[in-house]
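Below is one structure, written out as structure tokens; the observations come after it.
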Amino acid sequence: MANLDNLRHSTSHLLAAAVSSLWPKSKPTLGPPIDDGFYYDFADLTISEEDLAKIETKMRELVKNWDSFEKIEVTPEQARKEFKDNPYKLELIDEFAKEGQKITFYESGKFLDLCRGGHVAKPKDEIKHFKLLSVAGAYWRGSEKNPMLTRIYGTVFPSQGELDNYLSSLEEARKRDHRKLGKELDLFTFSDLVGAGLPLYTPKGALLRKLVNEHVESIQSKQGYSQVWTPQIAKAELFKTSGHYDKYKDSMFRVISNYSEEEFYLKPMNCPQHTQIYASRSRSYRDLPLRFTDFAMLYRDEKPGELSGLARVRAFSQDDCHIFCLESQVDEEVDRALSMTKEIMKVYGFKYRYRLSIRDREQPEKYIGDPKVWDKVEKWAEKIMVRNKIDHFDGPGEATFYAPKMDLIAQDGLGREWQLSTVQIDFFLPERFKLTYIDKDGQEKRPVMIHRAIIGSPERFLMILIEHFGGAFPVWLSPVQVKVLPITERNLDYAKKVGDKLSGEGIRAEVDERNETLQAKIRDAQLTKVPYMLIVGDKEEKAGTVAKRDRKGKDYGPVKVENFIAGVRKEIDEKSLD
Ligand SMILES: [Zn+2]
Ligand SMILES: [Zn+2]
């Protein structure tokens, strides 16, 4: 991806050049490549998306004279002089100077920018297939204490075909955006009074969340998992012992007591509390493995600028589980977790592969524990992947501070990848909490702790499901499974009878009682993506049938109510995907 990153980064220079030329008083700040393109942040710039076309035109005009990126090494003094009117660049220059880094400018055409390098060789030939996408506000360096800047997003590809493909997938993603569908399908909402990043689930959204969780629970309970329940807050000492206080405090919400000086935190994960259930009594090797599951709410203090729909929230839960076991039991437990995961992914139709999230060996200070144990567990995880014939790849730097992870990366209906499940073999938390069991030989030993989540966070999973299915959930997940549509008011009583019969069979049915035309009723049912519509008029009433229609517009003609119920029941029980 190095070449694509260079292309993206080079195009962000071009964007800055165009904006500086059109709005000479604006101040370019930072412009990195990102996953799908690039952005550039500007101070003292007020524009709207209508201006993007004008900027693009300017970019195409300027790039004609960009033969290369010329590197110019400068002293901090020279750099400060050049950017004397731009406090943002001055801040960067001061930082580089303090760290003793070389300071370089890059010049392309007549545009000069402070930059470390990483560009294409021939900008005028290579920067061709680009598009500016949107304008957003962003705090300088991501902190709300800093001034708000204007961010322009764009994308660029080596060929027009790749750009066109990307733009059409973007259009499809826009249609499926969970924030848009969440509103249209009435699944969740946010309130300024409650706060940013704190989603409120409506009856339909809460139902979806419950169905997803119940499915996981039903599979777990067959596998010997027991549910525990733990409070949302805990003393700082707990997190000091676990290591979260040192490594994670900036992401934790602090809670103040009115009555004591004690320092509390909202918990960002369940693991430390589960160790205390384990430690609450003496354990024998015969008691192990112990498998605790917990769906408690968790809280993380995310940066306000990074909050987005259900993708990044401050309040969420996990289908979390901690297995305390003997070292000799780890393989079997992990294999079971992996096969449960396989079963659940199949139900949703996700393709996936695993990432072995290992240490960043360049930054040992980020991790706790003995490097020898890290080596052992990293190799172990690799063996487990091979033994289970699982497609996997390495992810250096993706480990937690206490253990490497086996992370499932799922691919959704649009080909985008999301991390869902995780399995971690952890020797460190049992050590830090001094957990023990009495072994066969009467000796006290340390158990191993396996951390495991299958769908990860149900809230985030909900977002992925909304976009994966484009809101057209499989029948078992649909908040309303059947809509009964009477043709005239005359047929309302019969429609209600059909509705009651469906409800009596545990099928989620609604009757459209509005005095609207049939066309309007069908259109509205289709907009809310209800899987089945049952149309009832005089003819159906007389024959005791319903006219069945699905959300794709297919007409099935008249069917007996009993037959319809049997068919839908089967689809629900099998969690059928179509
Ligand atoms: Zn650059
Ligand atoms: Zn955990």
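Just so it is clear, the model here is predicted, and its values are computed rather than measured. Whatever order the structure lists ligands and atoms in, that order sets their numbers, starting from 1.
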So how many protein N, O or S atoms does the Zn ion (ligand 1) have within less than 2.8 Å? 4
I'd like to know if the side chain of D301 and the backbone of S251 have a donor-acceptor N/O pair within less than 3.5 Å. no
Among R300, R312, R314, exactly one meets salt bridge (Lys or Arg N to Asp or Glu O under 4.0 Å) together with E306. Which residue is that? R312
Heavy-atom pair of closest approach, residues Y299 and A315: CE2-CB, 3.5 Å
Charged N to carboxylate O below 4.0 Å: is that the case for E327 and K445? no
Checking only N/O/S atoms, does C271 have one that is under 2.8 Å from the Zn ion (ligand 2)? yes
Between R151 and F42, is NZ or CZ placed under 6.0 angstrom from the six-membered ring centre and within 45° of the ring axis? no
Pick one: which of F105, F69, F130 meets ring-ring contact (aromatic ring centres under 6.0 Å, His included) with H13? F69
Of all the N, O or S atoms in H451, which one sits nearest to the Zn ion (ligand 2)? ND1
Do other residues, nucleotides or ligands put more than 12 heavy atoms under 6.0 Å from the CD atom of Q363? yes
